Amino acid sequence: MKRIDAIIRPSRLTFVREALEELGYGGITVSEVKGHGKQRGVTEQWRGREYKVEYLSKAWILVVVNDADLTKVVDAIADNARTGEIGDGKIFVSDVLDVIRVRTNERGPAAV
Amino acid sequence: MKRIDAIIRPSRLTFVREALEELGYGGITVSEVKGHGKQRGVTEQWRGREYKVEYLSKAWILVVVNDADLTKVVDAIADNARTGEIGDGKIFVSDVLDVIRVRTNERGPAAV
Amino acid sequence: MKRIDAIIRPSRLTFVREALEELGYGGITVSEVKGHGKQRGVTEQWRGREYKVEYLSKAWILVVVNDADLTKVVDAIADNARTGEIGDGKIFVSDVLDVIRVRTNERGPAAV
Amino acid sequence: MSQWIRRGRLHRPLGVLGGFLLAMALFSSAMAQEPTTDETVADLVAALDSAWLLIAGFLVFFMQAGFAMLTAGFVRAKNTANILMKNMIDACVGGLAFWAVGWGLAYGASDSSSGFIGMGNFFLNDFEDYAGWFFQFAFAAAAATIVAGSLAERLKFSAYLIYTVVITAVIYPIVVHWAWDANGWLTAFKEDPADLVMANGYVDFAGSGVVHMVGGFAGLVGAIFLGPRKGKFGPGKRVNAIPGHNIAIGSLGMFILWFGWYGFNPGSTLALTGGGAALAAKVAVTTTLAATSGGVAAVLASKLITGRYDPGLTINGVLGGLVGITAGCATVDPWAAVVIGGIGALVMYGGVVLLDRVGIDDPVGAFPVHGCAGAWGVIAVGLFSTEAGMAAAGYAEPSKYGLLVGGGAEQLVMQFLGLGSIMAWVVVTAGILFAAIKYTIGMRVPEQEEDRGLDLMEHGLDSYPDFGPTGPGIFSAANGN
Amino acid sequence: MSQWIRRGRLHRPLGVLGGFLLAMALFSSAMAQEPTTDETVADLVAALDSAWLLIAGFLVFFMQAGFAMLTAGFVRAKNTANILMKNMIDACVGGLAFWAVGWGLAYGASDSSSGFIGMGNFFLNDFEDYAGWFFQFAFAAAAATIVAGSLAERLKFSAYLIYTVVITAVIYPIVVHWAWDANGWLTAFKEDPADLVMANGYVDFAGSGVVHMVGGFAGLVGAIFLGPRKGKFGPGKRVNAIPGHNIAIGSLGMFILWFGWYGFNPGSTLALTGGGAALAAKVAVTTTLAATSGGVAAVLASKLITGRYDPGLTINGVLGGLVGITAGCATVDPWAAVVIGGIGALVMYGGVVLLDRVGIDDPVGAFPVHGCAGAWGVIAVGLFSTEAGMAAAGYAEPSKYGLLVGGGAEQLVMQFLGLGSIMAWVVVTAGILFAAIKYTIGMRVPEQEEDRGLDLMEHGLDSYPDFGPTGPGIFSAANGN
Amino acid sequence: MSQWIRRGRLHRPLGVLGGFLLAMALFSSAMAQEPTTDETVADLVAALDSAWLLIAGFLVFFMQAGFAMLTAGFVRAKNTANILMKNMIDACVGGLAFWAVGWGLAYGASDSSSGFIGMGNFFLNDFEDYAGWFFQFAFAAAAATIVAGSLAERLKFSAYLIYTVVITAVIYPIVVHWAWDANGWLTAFKEDPADLVMANGYVDFAGSGVVHMVGGFAGLVGAIFLGPRKGKFGPGKRVNAIPGHNIAIGSLGMFILWFGWYGFNPGSTLALTGGGAALAAKVAVTTTLAATSGGVAAVLASKLITGRYDPGLTINGVLGGLVGITAGCATVDPWAAVVIGGIGALVMYGGVVLLDRVGIDDPVGAFPVHGCAGAWGVIAVGLFSTEAGMAAAGYAEPSKYGLLVGGGAEQLVMQFLGLGSIMAWVVVTAGILFAAIKYTIGMRVPEQEEDRGLDLMEHGLDSYPDFGPTGPGIFSAANGN
Ligand SMILES: Nc1ncnc2c1ncn2[C@@H]1O[C@H](COP(=O)(O)OP(=O)(O)O)[C@@H](O)[C@H]1O
Ligand SMILES: Nc1ncnc2c1ncn2[C@@H]1O[C@H](COP(=O)(O)OP(=O)(O)O)[C@@H](O)[C@H]1O
Ligand SMILES: Nc1ncnc2c1ncn2[C@@H]1O[C@H](COP(=O)(O)OP(=O)(O)O)[C@@H](O)[C@H]1O
């Protein structure tokens, strides 16, 4: 089983989710995070004085999949998150030793 | 050392935390996330028009434990997070190579 | 490639980010989380009645680096996050199998 | 008189006085019907008194916004829209109910000889005292709104719709009839002093008892029938605090209420002429001093008792001071207003502690503020009212006045009679009302709805969808950023 | 008269009445120039009428706060500061434009004989009716502010600055001239009834048409030129909801508007003396009943149609009721106000559905509320106005009144004439205005700015920087925690 | 007169005028004591003037809500409850202090011959001008509240409690005595013009100097003693911006303040009769124009200088315009109000830049708004007041008027004298006050408390517990969802 952590633009989230759903991977966990990469923050101002906000809003996606599905899912995420502009984000893949479905206490690949 | 990422119902969080504390595992990091799984979102409305909110609030728990404690902790989480209804969430276990306690710079299992 | 998850004090975040930037590691993802460790929560009150807030605000940092940079980055985080008081947090290191840069679809160490 | 008015529409640049003179000239020549000085003076008196009622009524109406912000700030984010809806609909349903029935039972012309209930002028029939109706409507809406706070975060909207009609149409108006209609059995406004039930009759200048106690006790009864919010009382004797979600709008609500109170109390002179203005000015001062003293008492008490300056208690303390002075604002001296306000806040504080102890859950403290401090206000009239104050406020037997300032116990006994009657009436009728609702359509939302928040289930809404933790935030399709 | 005033400054502790008498004595001896009773009475009349205009004007001005909170609550968090800025600057730019030009075109002294446009008193030149100007300024600012809601979340600030000047300086004042100046061609205030265009002339007591329809239709035209927000209309016929970010301040806005309406409608008697007070009191009652009935109609309709008690529609329903009664508030009976308010809310609801169907995006529902319910209000005058109401409000031909209460169709036809004229004028002029802006400097912010929010791009601001998801929160350097 | 009032309570459906006539008849026959026309007229004059003071005072009081929302919106979320508490307690403690001591020093009957300080009527003893007291109380509370903004986010609550008593009890009242009491040495209200210190005396109609400068300069002195917030000034010459957490309530605060200003300035005629109404109307217009012009000047200046339309500066710009016109609102022409308001906003802007440059931290800009624009307002009187304006406002030497409109320099010199005196007094007394606090109980919260937020440490509260990042959000036990 593999864990996919993707950091993408919030505005691409809907497309990514819909693509995953079409592939049949409904299970997904998301959160808002702040990112700082090649793309830099924005300048805001308060009562005339500027200040730098170093981070931009990004959506973090966590999807755990079985090994066989890894490539398909990673590609679906990457393709739907891509705009080609700086700030598109990154996808990190790592290993998962076990998965437990809380409701049923199933374990392993069946629980994914 | 193992890392446990659990996605559970927010309303079960208190019970899970108390269970872990009884087991003696005080260290825990939590955050609010949005989840989308078998359990689907809710329909809201604004000025008479309905719209779908695809995600539900979930609590994400991160607990890093030594290998020996893994089963106990996973079971405690699963048992206390379970309601039996759709939407109870999942637990993901993966490997951790190193842990550093920032305050003391201790490393490895002692730092967990 | 390695993944570094650090849970630190929010007030140290600026220093950590600046230190990483000096080292040349601009890519970083952060989020606000709640933590519960040795350092316990605070007591608040509402209309005269006290209640316990069990969690404190912490900043979660995710940095993925190539293996060669691991020590440098971990040390930079630890050194800049440290105050010596209870509540300084922890750093978790784990393995990453693959990294994909969404914009370019680059994979592996080059994408980090 | 229509020709006088039309003048107003002629927006010619004459200057006000010039315009008036020209217009007078114009019309007098055109119509040969110039009003005499005495007619003009009578018109002025009527106009000024009427305007006072209207303006005061506007301020009292604005208290709806205050209640809305206060209660919304004191509940959790997930129930914000629900409590706001209840406040909005209170004013709406209450207005219609008071139009159709309420006024008629309070001040209806064909009074029953018993002094128990008015009858007539339903739907504003055969009726022209619009300013009076408007002012009283605003009071009725306030009484109904108070209740919503006690029942917040768990009451079904349908149950709410029913009780709010009954309170504004029946329960509250009958108390008004007793206390404020010239035919009411408790009233202090008998044409013939010999008809007074005792002493000056029940003295409650602006309604510590008539309005606030009614709302506060109805809320208490409702809260008992409804039961506490899930999680409010833990296992054993543990009492959990459930903090309000937005102290900023909560404070705003307090300030708006205080502002509106300047319509509530000074406006209750009902006239400016004939000494009304001087009385209203005094009332503005006593109202101010009681509010300030209530705030100070609460903040110091909270610091002494809890070690911190507690904002929720301070807000409620100001309101406790205001509720406390409402009955006696016209008849007590300024120094007494300071005392009454301070004690009002402490009584409120005591009420908060008491409810926790007996296991009743009143999320915004409506009973401590309106019920407890309201009762205190009614009693305070019998303790602090001065002879001169009674006379200046127009009460017929000023020789009976406050016990502590040398006026004997008779007025105090009268106040307890009024207090007891109102309390009994409200507890019994509200008890029947809430029991009837509870055992028919039910009062309480399902547990799952309470967990998830009433906003979503009853109103399909997230009150703050762009902020965590309750809403879609950046995850909404339409948010496209 | 200056000696009278100086007295006021002598803050000696004399009591008001005592002070007055002493002062009178002082000055009369010092100046040997005591005013006669008749002079004092004339001064009183002028003072009271003027004060009424001022106080009512204060309340109408305060509606700016209501519009600000309402519209801010109904947009997304990322556009909060932008819509607030538009509301603030409306009042500011509108005030200066109305001072420089607007008043002159509306009520300027040297009237064109055509009745189409006023001329004169620009920059308040040769002019002394300050109370009148102030009251009218507050109305002009309201008309301009309504527009901002329809164009929210995508309009460039520079485009906004231009249109708001034109509306307050030209488009709105000319309608005022037609309908409310004694020389206007539509007006009901002709000195000689024979000059009336038809029946009583166009009857619009407080401006359902003159103010609300102008704002609502200008907003509609603007929204058409501007196009919908990104994401509002999906592929195919799909309509997305874009929920407002803060229902608490949205409700507050509604309450403030309702409160301000008590200046808007009752204040439109323009005087208290000569029967104005009684009329104002009646207007306060009809206004109240229409608002309450609008709220109830909307909440019930939303429950029936959507299954839930919809807060957004309830808020707009109250406002629809208020807008609906604004034209007829002085001439219809209370029961009719209940009907008009309820229908006003339903008309508003219909407008919301209609806009969605035809693909026009009006984020806060300004057109449904002000345009649709405003038009309904104008028509309702011709349906429900009573003969006694027409007479009491000072209209010259009370024999022509509401169709449904037996007054024949003539006034109704007149109302349609007024309605059509205003609508045509606004649609044409606003069309030219927005077209001119669109094809020169452009109306719409770039797509990327719309995505990211106008707050950041136009104002460099995050409206809620300490909360997610739009701001730095704990990640700001200066936050140091 | 009590019989007149009781009538008001007889809520019989007679219609207002009918009721009045009937009541008059009733009482006259019953009591054989009908007031003469002259008595009725005198009563009307007193009632109207008194009502004006009350209503204006209500509006001024409501400015407390404006200050609360403005300052709360301009600080960080973690200090919201703290600044709100300071605003609430200001009104409370200030009210008691002004009751006990303040009024007595300002207007107390037994004046010292020096004109420096009043004496008497402490605790409202031997005193009946309740309307006057109430109006002045509202001003005193405003002066105290201004200070809180400058000291936000780092001042200990106990230190705050002490200074607010001293300001409302002593520092502010003595300035009032100088400038507004008939015996004050600076006053323009001498009975005998020969007693005036110079020209018309110090002309400050509604208090640009007396109220705003006092608050603004006391805040400045406090901010210097207190030092900047942690993180405000970076290493070297770096100045950090610390954005306010809620621009929506900040804007609301501005609107409420503007609304309240219509009590502050027009209410300062202190009477409606004897020409007061016409003067009040003019004041409403100049106040409006200055506010609008201030807003426009600020938004354009910010666009020119920073490239963006800055909301924070716009809000402060409107306020700068209002503060600027406050002294001269009665004596300058409308066009001059436009100029004064615009410059007031620019002066405010300059003040913001200046404070940053010299390293003083004033989180909400209280000194730029109230101190700088206040001083400008005092000076503007000597530049723009017209002869007719001076006369109409009742000043005794209208031949001395504004330098730029041909009145010579004498009044301007007088204004500088007033300005300098007030400034010197405030700087010295506030300096002593804050030094005394600093070196005894201390002014500043511990660094850790400043980091974590004053809400938690002083008040045990999270102002927004259901939203990140400061609160428990979904993690609270009682939240059970
Ligand atoms: N090495 C990294 N570790 C963790 N997060 C990263 C890393 N690199 C990038 N990110 C995340 O990805 C986001 C996009 O990165 P950025 O460099 O701006 O994108 P791009 O690669 O498309 O230019 C960042 O805001 C950050 O949240
Ligand atoms: N494969 C997955 N990867 C990441 N998160 C998941 C995955 N499957 C489920 N989740 C998370 O778990 C939550 C509960 O899943 P759901 O399928 O509704 O529960 P259940 O398995 O009890 O029916 C989801 O909302 C989501 O946040
Ligand atoms: N085993 C763990 N698993 C996950 N998070 C942890 C663990 N231990 C500590 N943390 C996180 O680190 C934070 C700091 O821990 P704490 O024990 O208070 O610090 P310290 O080790 O410096 O005393 C906690 O609030 C929690 O968020």
Side-chain angles (χ1 to χ4, degrees), chain E residues 1-2 4-6 8-11 13 15-17 20 37 40-41 43-44 46-48 50-51 54-55 58 61-62 64-65 68-69 72 80-81 84-85 88-89 92-93 95-96 99 123-124 130-131 133-134 137 157 249 278 458-461 463-468 473-474 478 480-481, chain F residues 16 38 41 44-46 48 50 52 76-77 107 109 121 127-129 131-132 181-182 189 230-231 240 242-243 245-248 251-252 255 259 262 266 270-277 280-282 284-285 288-289 292-293 295-296 299 308-309 311 314 334 391-392 394 451-452 467-469:
Chain E
M1 273 173 293
S2 59
W4 291 19
I5 296 169
R6 288 192 51 235
R9 278 293 178 187
L10 305 173
H11 279 291
V16 171
L17 187 57
F20 174 74
T37 299
T40 308
V41 169
D43 176 60
L44 271 167
L48 185 56
S50 205
L54 288 178
I55 293 169
F58 301 161
F61 167 77
F62 194 43
Q64 293 294 323
M69 292 299 105
T80 303
L84 290 166
M85 277 294 279
M88 289 190 268
I89 293 301
C92 294
V93 165
L96 294 181
W99 164 65
F123 299 95
L124 286 177
Y130 289 119
W133 183 89
F134 176 70
F137 143 74
F157 201 78
I249 63 173
E458 299 259 31
H459 312 294
L461 196 82
S463 292
Y464 302 98
D466 291 2
F467 306 117
I474 59 166
N481 58 347
Chain F
V16 171
D38 275 359
V41 169
L44 271 167
V45 168
L48 186 57
S50 204
W52 180 243
R76 283 167 290 179
Y107 293 115
N121 307 122
F127 185 74
E128 298 250 299
D129 180 9
D181 189 81
F189 301 109
K230 201 181 148 189
N240 294 316
I242 304 183
H245 84 286
N246 189 334
I247 199 76
S251 309
L252 175 64
F255 276 119
F259 175 56
Y262 288 124
L270 304 182
L272 278 177
T273 59
K282 180 189 157 178
V285 170
T288 303
L289 289 176
T292 60
S293 156
V296 170
V299 81
R308 305 198 256 203
Y309 305 98
T314 303
D451 282 352
R452 188 58 186 82
F467 306 117

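Protein chains get the first letters and strands the later ones, always in sequence-line order, with residue 1 at the start of each. Remember, predicted model here, so these are calculated numbers, not experimental data.
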Query raised in the report: Who wins among F:Leu44, F:Val299, F:Leu289 for the most heavy-atom pairs under 4.5 Å with chain E?
Result: F:Leu289
Report summary line: The reported gap from CG in F:Leu48 to OG1 in F:Thr273 (rounded to nearest 0.5 angstrom) is 6.5 Å
Query - Leading residue by heavy atom contact count with chain F [cutoff under 4.5 Å; candidates E:Thr80, E:Ile55, E:Thr37, E:Leu96] - result: E:Leu96
Report summary line: In this structure, CZ of E:Phe157 is separated from CE of E:Met85 (nearest 0.5 Å) by 4.0 Å
Query raised in the report: Is the E:Phe134 ring parallel, tilted or perpendicular to the E:Phe137 ring (thresholds 30°, 60°)?
Result: tilted
Query - Interface moiety of F:Asn246 toward chain E, non-hydrogen atoms closer than 4.5 Å - result: both
Report task. Mind checking the CG-NZ spacing from F:Asn240 to F:Lys230? Nearest 0.5 Å is all I need. Result -> 12.5 Å
Query raised in the report: Where on F:Thr314 is there a heavy atom nearer than 4.5 Å to chain E: the side chain, the backbone, both, or neither?
Result: side chain
Query - Check against side chain to side chain contact (heavy atoms under 4.5 Å, CB included), E:Ile249 and F:Leu252 - result: CA-CA 9 Å; E:Ile249 63 173; F:Leu252 175 64; over 6 Å; no
Requested in this report: Take E:Leu54 and E:Tyr130 through the side chain to side chain contact (heavy atoms under 4.5 Å, CB included) test and state the conclusion after the steps.
Outcome: CA-CA 9 Å; E:Leu54 288 178; E:Tyr130 289 119; over 6 Å; no
Query - E:Phe61 portion near chain F, given a 4.5 angstrom heavy-atom threshold - result: side chain
Query raised in the report: What part of E:Ala72 is in contact with chain F, defined as an atom under 4.5 angstrom from a non-hydrogen atom: side chain, backbone, both or neither?
Result: neither
**Report entry** Side chain, backbone, both or neither of E:Ile89 within contact of chain F (heavy atoms, under 4.5 Å)
**Finding:** side chain
Requested in this report: Please flag which part of E:Met88 lies under 4.5 Å from any non-hydrogen atom of chain F: side chain, backbone, both or neither.
Outcome: both
